[in-house]
2 protein chains.
Amino acid sequence: MTSREESAETLRRAGHRVTSAKLLVMEALRHAGDHLSATSVIDQVRRDAPHVSESTVYRTLGALRDSRLISETTFGHGEVAYEWLEERSHHHLVCSQCGAVDELSDEVVAGFAKQLSDAHGFNADLQHLAVPGICARCSRDSEAAGE
Amino acid sequence: MTSREESAETLRRAGHRVTSAKLLVMEALRHAGDHLSATSVIDQVRRDAPHVSESTVYRTLGALRDSRLISETTFGHGEVAYEWLEERSHHHLVCSQCGAVDELSDEVVAGFAKQLSDAHGFNADLQHLAVPGICARCSRDSEAAGE
DNA sequence: CCAGCAAATGCAACAACTTGCAAGAGCGAG
DNA sequence: CTCGCTCTTGCAAGTTGTTGCATTTGCTGG
Ligand SMILES: [Mn+2]
Ligand SMILES: [Mn+2]
Ligand SMILES: [Zn+2]
Ligand SMILES: [Zn+2]
């Protein structure tokens, strides 16, 4: 089964109609295997299909996010980032000083969610968190520089 | 000391010049004692000073946020929300189903930050988190309705 | 009080989304 | 295969937020 056919099947299972615009958006994200801004998804899609309108891409990204096929995340700066969601869920530590974006496994975050469930009965939905702060390297550097 | 004078003093301590636009923005947020959208801050400010431009308010909100005098938060839907930061830090649990916004004390969140520090040396900066999910009431309701 | 510099502001253009509406296309029933 | 319902799309206009630049204004030092 080609990637395109897989995407079509995924769309059907999620209750969407299979359209070329949606397939193109999905392929762009799956192929990139990284965080992409809406604008770069638009550019990507338009290389193959120049007629697709911006609003269709924005709407498609929203729909895929609602169906939990992709994540939508606001890192500190710049545009909102979209990413194809693989099975294993992950999160990010974003350094406000040097801009580094490190990966964070789900364990600690799942622990946090469990705390919220135990303490407040709240069923947190943390699919792809971006935690802002200062990374280990930057902390070390500023300490060395006389704090 | 009036609230305005306190605000002026706070501005000076944060290294800003004391201008009427900044004071008006601060007073709007302090007086509201709640989350306000940028647009409603603009409306508020313009009731007193119609000449102040939108961009000045946006820039002021950004500056106050950088100086950690106010929080800037994206709840699931709608505009970005700004809030005057009181001493005691707090967070929110936002129900994606019924829209309820509950308060969350800093304890659980501080525990999460400590985990990140211990496990990754990352110094997380979580001033005013909005955690999305399903609230206790909605979970109970959908369970009762035959899951 | 005054001069001078840097910060702050207004304005207009721009960028990043969002929405209402009419036209087009996927898909299930027959 | 065709019909028709409903989901999707394109387009244009509207929001929300950002930025470059010329001008104004707060503040510091004399
Ligand atoms: Mn990611
Ligand atoms: Mn709050
Ligand atoms: Zn760093
Ligand atoms: Zn709820």
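Here is how names work: the chains are called A, B, and so on, in the same order as the sequence lines, proteins then strands, and each is numbered from 1.
- Inter-residue side-chain proximity for A:T73 and A:E83 is flagged as unmet; no heavy-atom pair is nearer than 4.5 Å.
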Enumerate, atom names and distances included, each donor-acceptor pair closer than 3.5 Å involving a side-chain atom of residues 112-123 of chain A, sequence neighbours excluded.
unit_1: A:K114; atom_1: NZ; unit_2: A:D118; atom_2: OD2; d: 2.8

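- Residues passing the side chain to side chain donor-acceptor pair (under 3.5 Å) test with A:D48, sequence neighbours excluded: none.
- For A:R46, there are no salt bridge (Lys or Arg N to Asp or Glu O under 4.0 Å) partners two or more places apart in sequence or in a different chain.
- Put simply, CG on B:D66 is 11 Å from P on D:dT18, counting in whole angstrom units.
- Looking at heavy atoms from C-beta onward, A:M26 lies in side-chain contact with A:L64 at the 4.5 angstrom threshold.
- Put simply, the side chain of A:P132 does not reach to within 4.5 Å of the side chain of A:L93, judged on heavy atoms.
- Counting only residues at least two apart or on different chains, the salt bridge (Lys or Arg N to Asp or Glu O under 4.0 Å) pairs with a member in residues 18-34 of chain B are B:E6-B:R30.
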Reading nucleotides 11-23 of chain C from 5' to 3' and marking B where a protein heavy atom lies under 4.0 Å of the base, S where only the sugar-phosphate is that close, and - otherwise, the string is B----SBBBB---
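- Here A:V101 sits in one hydrophobic cluster together with A:F75, A:V94; the rule is ILVMFWY side chains under 4.5 Å apart, joined directly or through other members.
- Not counting sequence neighbours, the partners of B:E79 by the side chain to side chain donor-acceptor pair (under 3.5 Å) test are B:T39.
- Distance CG (B:L11) to C1' (C:dT9): 15 Å, rounded to an integer number of Å.
- For residues 86-100 of chain B, the set of pairs meeting the salt bridge (Lys or Arg N to Asp or Glu O under 4.0 Å) definition, not counting sequence neighbours, comprises B:R88-B:E103.
- Sorted by residue number, the members of residues 20-27 of chain A with any non-hydrogen atom under 4.0 Å from DNA chain D read A:A21, A:K22.
- Residues satisfying the ring pair (Phe, Tyr, Trp, His ring centres under 6.0 Å) test with A:H128, not counting sequence neighbours, are A:H35, A:H90, A:H92.
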Could you list the protein-to-nucleotides 27-30 of chain D atom pairs, N/O on both sides, closer than 3.5 Å?
unit_1: D:dC27; atom_1: OP1; unit_2: B:V18; atom_2: N; d: 2.8

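- Residues A:L61 and A:L29 meet the side-chain proximity criterion, which asks for heavy atoms closer than 4.5 Å.
- With contacts defined as side-chain heavy-atom distances shorter than 4.5 Å, the pair A:V131/A:H91 does not qualify.
- Axis angle across the helix from C:dC1-D:dG30 to C:dG30-D:dC1, with five pairs used at each end and values rounded to 10°: 30°.
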